[in-house]
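Below is one structure, written out as structure tokens; comments come after it.
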Amino acid sequence: SGRVLVAGDVELGVKGVTRAREVTVREGAHVEAGQVLVKFDAAEAEAALAEARASVQRSLAEVRRLRAKATPLAQVSLERAVVDVAYSEQELSRVEQLSRAGALSAQQLEEARNALSLARTRRDAAQVELSSTLSDGVDRAVAVAALGQSQAALELAEARLSDTALIAPAAATVVHLDVDPGESVQ
């Protein structure tokens, strides 16, 4: 901690407990507004900042991926499922006619009905998947929320990194300085 003389006394300190890495001024020195007085260990803050930046990039990539690929892929899956339903409906109609004529067994008729039911289920699932990738869909909403969370974590990491230096708030004279390099301060 330390005191500088401005138009009054201003006492400066740090948030939490940290270790002084470098003291850039001495008692009695004149300092300018914004001048770094003491630098603190920044390794953890720098690592947290790098991690936060990576998280933002990962979240941005997921939003872009959903925008670029998920919707077109889901659209193709739905179109294919719709075609499969149409084919299964035609196949069931053909099998029903042959079954009425006695040319096919009841088991074959049941298999055709099951195939149509399965095709409809796949179509419905593809519709849900497409809906979840649209701009108001769940997947996109989750990705956008994760991006917001990552951006907030980045802002916090940047703020914590800025706390790794004690800065003169105004032009002043250092009256008292109670810190040496390597010393823990709070």
Side-chain angles (χ1 to χ4, degrees), residues 1-2 10-25 31-88 115-170 179-186:
S1 69
V10 176
E11 194 162 322
L12 304 174
V14 297
K15 295 178 184 176
V17 178
T18 188
R19 184 170 306 281
R21 193 180 80 220
E22 180 183 354
V23 179
T24 62
V25 296
V31 295
E32 298 298 320
Q35 183 177 340
V36 175
L37 308 175
V38 181
K39 294 179 182 177
F40 301 105
D41 184 23
E44 286 183 28
E46 289 169 348
L49 181 60
E51 183 178 357
R53 284 181 177 147
S55 179
V56 167
Q57 291 303 312
R58 185 175 47 251
S59 295
L60 275 171
E62 178 62 11
V63 169
R64 288 180 185 134
R65 183 190 70 78
L66 284 172
R67 186 179 302 134
K69 289 186 177 180
T71 301
L73 289 176
Q75 183 66 40
V76 167
S77 292
L78 177 59
E79 289 169 1
R80 189 165 129 191
V82 167
V83 168
D84 288 347
V85 167
Y87 173 79
S88 295
L116 176 57
S117 177
L118 181 60
R120 286 178 175 159
T121 300
R122 287 181 179 155
R123 178 203 56 207
D124 295 345
Q127 180 62 52
V128 168
E129 179 67 22
L130 177 61
S131 295
S132 73
T133 63
L134 297 175
S135 62
D136 61 343
V138 174
D139 288 348
R140 177 126 339 135
V142 168
V144 169
L147 176 58
Q149 185 178 15
S150 295
Q151 289 170 329
L154 177 60
E155 289 174 15
L156 179 61
E158 288 170 341
R160 286 187 176 152
L161 184 61
S162 72
D163 289 341
T164 62
L166 189 60
I167 308 291
V179 64
D180 291 312
E183 197 173 64
S184 288
V185 293
Q186 57 180 6

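Just so it is clear, the structure is predicted and the values come from calculations on it, not from any experiment.
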Q: Verify, without hydrogens or angle tests, whether Glu155 (side chain) and Ala152 (backbone) share a donor-acceptor contact under 3.5 angstrom.
A: no
Q: Enter the distance from Thr164:OG1 to Lys39:NZ here, rounded to the nearest 0.5 Å.
A: 9.5 Å
Q | Ala52 to Ala157 - nearest heavy-atom pair and separation | A | CB-CB, 4.1 Å
(Q) Measuring from atom CG of Leu73 to atom CG of Leu78, what distance do you get when rounded to the nearest 0.5 angstrom? (A) 12.5 Å
Q. Does a sphere of radius 6.0 Å around CD in Glu51 hold more than 12 heavy atoms from other residues, nucleotides or ligands, not counting ones at 6.0 Å or beyond?
A. no
Q: State, to 0.1 Å, how close Ile167 and Leu12 come at their nearest heavy-atom pair, and which atoms those are.
A: O-CD1, 4.0 Å
Q: Kindly check if the number of other-residue, nucleotide or ligand heavy atoms within 6.0 Å of CZ (Arg21) is above 12?
A: yes
Q | Nearest heavy atoms of Asp163 and Phe40, plus distance in Å | A | O-CD1, 4.1 Å
Q | Partners passing side chain to side chain donor-acceptor pair (under 3.5 Å) against Ser59 (at least two apart in sequence or in another chain) | A | Ser150
Q: Sort and list the pairs that fulfil salt bridge (charged side-chain N to carboxylate O under 4.0 Å, His left out) and have at least one residue in residues 119-132, not counting sequence neighbours.
A: Glu89-Arg120
Q) CD of Glu22: more than 12 outside heavy atoms within 6.0 angstrom? A) yes
Q. Taking all non-hydrogen atoms of both residues, which atom of Val85 and which atom of Leu116 are closest, and how far apart?
A. O-CD1, 3.8 Å
Q. Between Gln75 and Glu79, does any side-chain donor sit less than 3.5 Å from a side-chain acceptor?
A. yes
**Q.** Thr24 (side chain) donor-acceptor with Val36 (main chain) under 3.5 angstrom
**A.** yes
Q.
Does Arg19 form a side-chain contact (heavy atoms from CB on, under 4.5 Å) with Val185? I'd like the steps, not just the answer.
A. CA-CA 6 Å; Arg19 184 170 306 281; Val185 293; over 6 Å; no
(Q) Can you give me the closest heavy-atom contact between Ala20 and Asp180, atom names plus distance? (A) CB-O, 3.6 Å
Q: Working to the nearest 0.5 Å, report the span between CG of Leu156 and CD of Gln151.
A: 14.0 Å
Q: Carefully, step by step, assess Arg53 and Leu154 under the rule side-chain contact (heavy atoms from CB on, under 4.5 Å).
A: CA-CA 6 Å; Arg53 284 181 177 147; Leu154 177 60; 3.5 Å; yes
Q | Point-to-point distance, once rounded to the nearest 0.5 Å, from CZ of Arg58 to CZ of Arg65 | A | 14.0 Å
Q.
Which heavy atom of Val31 sits nearest to which heavy atom of Leu37, and what is that distance?
A. CG1-CD2, 3.6 Å
